[in-house]
Trainee: 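The structure follows.
Chain letters run A, B, ... following the sequence lines, proteins first, then strands; residues in each count from 1.
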Protein chains: 2
Amino acid sequence: MIKVATVLCCFFISIGLNAQTDEAVLKKIYTTSLTNGKSYDWLNHLSIQIGSRLSGSLGAERAVTYTKEELEKLGLDKVWLQPVMVPRWVRGAKEYAYIETAPGKTNTVNICALGGSVATPSLGIKANIVEVKNFEELETLGKANVEGKIVFYNRPMQPDLIETFNAYGGCVNQRYKGAVEASKYGAIGVIVRSMNLRLDDLPHTGSMTYDDMPVEKRIPAAAISTNDAEVLSTMLQLDKNIKLYFKQNCKQLADVQSYNVIGEITGSQFPSEYMVVGGHLDSWDLGDGSHDDGAGVVQSMDVLRLLKESGIKPKRSIRVVLFMNEENGLRGGNKYAEEAKQKNENHVFALESDAGGFTPRGFSFDCNDANYNQVLSWQQLFKPYLIHYFEKGGSGADVSPLKTKTNVLAGLRPDSQRYFNHHHASNDTFDAVNKRELELGAATMASLVYLFDKYGVK
Amino acid sequence: MIKVATVLCCFFISIGLNAQTDEAVLKKIYTTSLTNGKSYDWLNHLSIQIGSRLSGSLGAERAVTYTKEELEKLGLDKVWLQPVMVPRWVRGAKEYAYIETAPGKTNTVNICALGGSVATPSLGIKANIVEVKNFEELETLGKANVEGKIVFYNRPMQPDLIETFNAYGGCVNQRYKGAVEASKYGAIGVIVRSMNLRLDDLPHTGSMTYDDMPVEKRIPAAAISTNDAEVLSTMLQLDKNIKLYFKQNCKQLADVQSYNVIGEITGSQFPSEYMVVGGHLDSWDLGDGSHDDGAGVVQSMDVLRLLKESGIKPKRSIRVVLFMNEENGLRGGNKYAEEAKQKNENHVFALESDAGGFTPRGFSFDCNDANYNQVLSWQQLFKPYLIHYFEKGGSGADVSPLKTKTNVLAGLRPDSQRYFNHHHASNDTFDAVNKRELELGAATMASLVYLFDKYGVK
């Protein structure tokens, strides 16, 4: 009887300890991040000392060197660079645009080239404008109404969607495919309303494609600010014959060598099971990429440091991966997954932070029900930190090529209300990131990594 | 049988309708707020056209007139002013302070008088400094070490508390009671580290008390920025003999007449049951009081408008109350409750928004279990709006005097991470408020009011 009682007693103590331990570990992780976090200092350097980090730029190169050096200081088991060829697009001299209501009567427009666009001819282009809200309207208008004109895509982000990424998803085809579609009807240029929920004067860049169009048929594409989109639309209602002039000087150069930056704590029990946490090191060139995705980079770096500082020795191998070229190619994400496959590395888990450094609300998960239910069983552990969002959904662009039938992919989900005010624009800068919000995000990520490492993937 | 079936059928349809109706109504409310809200425009006027609204100031007077006029435009059943006498404290010429390390060697310090403080003598005061973290340390030091000196309270807000209002609660006694405590030991002045979780250069004001100290014994009290508090503390460790000079010119004048601004939609079924939604119209004088509590004012105003716009005819009488003098006296809140009691008005519910215009997370409730459980049964309705926080706790300073054993008091709980960067400081300004976040708050409040009106208070 005594033996049974002892066993039972041990059993309950062990349950008790386990429960207590997880709570205590999360408390330790959050406290360390909020009182002794490194993410904000790293972001300060990345944003202020280095600045924007477009693939192939000097900034991107310096960011590779800096983050590798900082990871080396953390005493991880391995730190290395994974070579990857990346596209190099350069903006050139600042763009310029105006609306011409009559010869000599012009209004300046805040404009920027879309990433990947060709330049205008050196004297710019000037043409009548045809405004559409979507590709169906464009098709209805047809060649007769579009040929020789500049197509103006002006479908705003839907303000009544609570999750702003859904509003972005509902609009971004104008930016990404707008030039391809407009070309079909003989347009000579494309301008798109910036993907911004707010009315302001900042143009927001972002990637676009020409698909397989021959180079000589490619038409220049640019974004204008939401205020300018409103003005232009009103002016067009008053007079269809106004013209838009714009000039841009961007260029696609040859691919260049760059790198993913990787650090690893090798697992104590299952070293060949890999768990990845990451963000992307490259950014657009207009701001300094603090939210997109400097925040995700420094949070991911701090996840490994927070685990170490909290005395956690992971069973599985935990890697931080700072991906290169998410914005205009996803070469880093694809390369990492390719090499993992070649080496037969078993990636059981991958988490990306690429939705801004705002107050974390939870995660979205791309995984099977068993793993999702396991996550739901952890909800109470996160409650003291106001982390409440655990939904099925996407993960992150860079980690998505790692998807298998059985592994878990996840994306950090911060509060998204302010994100698209800054996204891809010149105000995506360090001052827009709040230290505590950033640190809470890092701690939230570290906590999820800790739990999946401890309890495994189902 | 047919009759029974019909009744049953109606019953289920009615359940179905009820469920659908609540979801549809919340959707309507949120959509209206995000696509056709008025709160941001009102806040723009309050903040930019009127500015700070310290009790008894011209700004406060203009805010009374403006908000009354705006409420009158909404077609409510009644709009009126409730007279209330309020204290009038004025800051006078800007304060000035420096640390003197040696005669003629000085470092300027960012300082502001605490609300309610007396002035320094006209030439200012200069004295040695004694730094303490709390009242216990002060007591241990005793008169021998404190007399004739300036007491420097330097206990920071605790960074590892997730809810920043708890960190504030753990520090604010230094500001509120610091002068009274220091006076006991013969201090000649008090400076306090600003209640700010961030290190920056802005001093944060706020209320303080002298209890019943005779006027001639009152010592001046001021706040210095967190950066200056750090510098001063370090300098004191290097040399205990450094001195602080400060000069302030503030003054308590005679009470003046002011007003609570009240609007009402009279209930269709239970007009003598009152539900209040409110914020406070006064602010501190350093910024323009956009977060504290312009946001709460305009959100409360919009609650009534959103109900009307959404076609809701409340059963109970819904009042918006814009309280005067929350910051330095709570005269408006007390007056409103006093008059309600005199008139025997049955206030079944009151909700305050006074925690900033940031993304709403939910509410805290001061109520019995039956009402709290009713709230919990509504959680799923709020889930699409990412509203997840429904906890027992405080409500709001202005509505708290309305507490009875049976009614429900509630406080909106927005994300609090950025709040104390702005609270009572010169950067509590319109540009720090995000339009969508503000509008989501208004919709969240309107939804709770709608549900309590529909289902009643238990």
Trainee: Would you mind listing every salt bridge (Lys or Arg N to Asp or Glu O under 4.0 Å) that reaches into residues 417-432 of chain B, with sequence neighbours excluded?
Mentor: A/E437-B/R418
Trainee: Counting only heavy atoms not in A/K383, do more than 12 sit closer than 6.0 Å to its NZ atom?
Mentor: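 Counting neighbours around NZ of A/K383, 12 or fewer heavy atoms of other residues, nucleotides or ligands fall under 6.0 Å, so no.
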Trainee: Looking at chain B, which one of A/A443, A/G362, A/P159, A/P384 has the largest number of heavy-atom pairs inside 4.5 Å, strictly under?
Mentor: A/P159
Trainee: Quick one: does A/I162's side chain get under 4.5 Å of B/L34's, heavy atoms only?
Mentor: yes
Trainee: Check whether A/L440 gets within reach of chain B through its side chain, its backbone, both or neither, counting any heavy atom under 4.5 Å.
Mentor: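 Contact with chain B involves the side chain of A/L440 alone.
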Trainee: Taking the side chain as every heavy atom from C-beta outward, state whether A/R436 and B/R198 have any pair of such atoms under 4.5 Å apart.
Mentor: no
Trainee: Is the shortest heavy-atom distance from the side chain of B/L386 to the side chain of A/D415 under 4.5 Å?
Mentor: no
Trainee: Would you please name every residue forming a side-chain hydrogen bond (donor to acceptor under 3.5 Å, both in side chains) with A/S300, sequence neighbours left out?
Mentor: none
Trainee: What part of B/N434 gets within 4.5 angstrom of chain A, counting heavy atoms only: side chain, backbone, both, or neither?
Mentor: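 Both parts, backbone and side chain.
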Trainee: With sequence neighbours excluded, tell me which residues meet side chain to side chain contact (heavy atoms under 4.5 Å, CB included) with B/K435.
Mentor: B/Y40, B/E439
Trainee: Considering only heavy atoms, give the residues of residues 387-395 of chain A separated from chain B by less than 4.5 Å, sorted numerically, with 'none' for an empty result.
Mentor: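 Answer by number: A/H388, A/Y389, A/E391.
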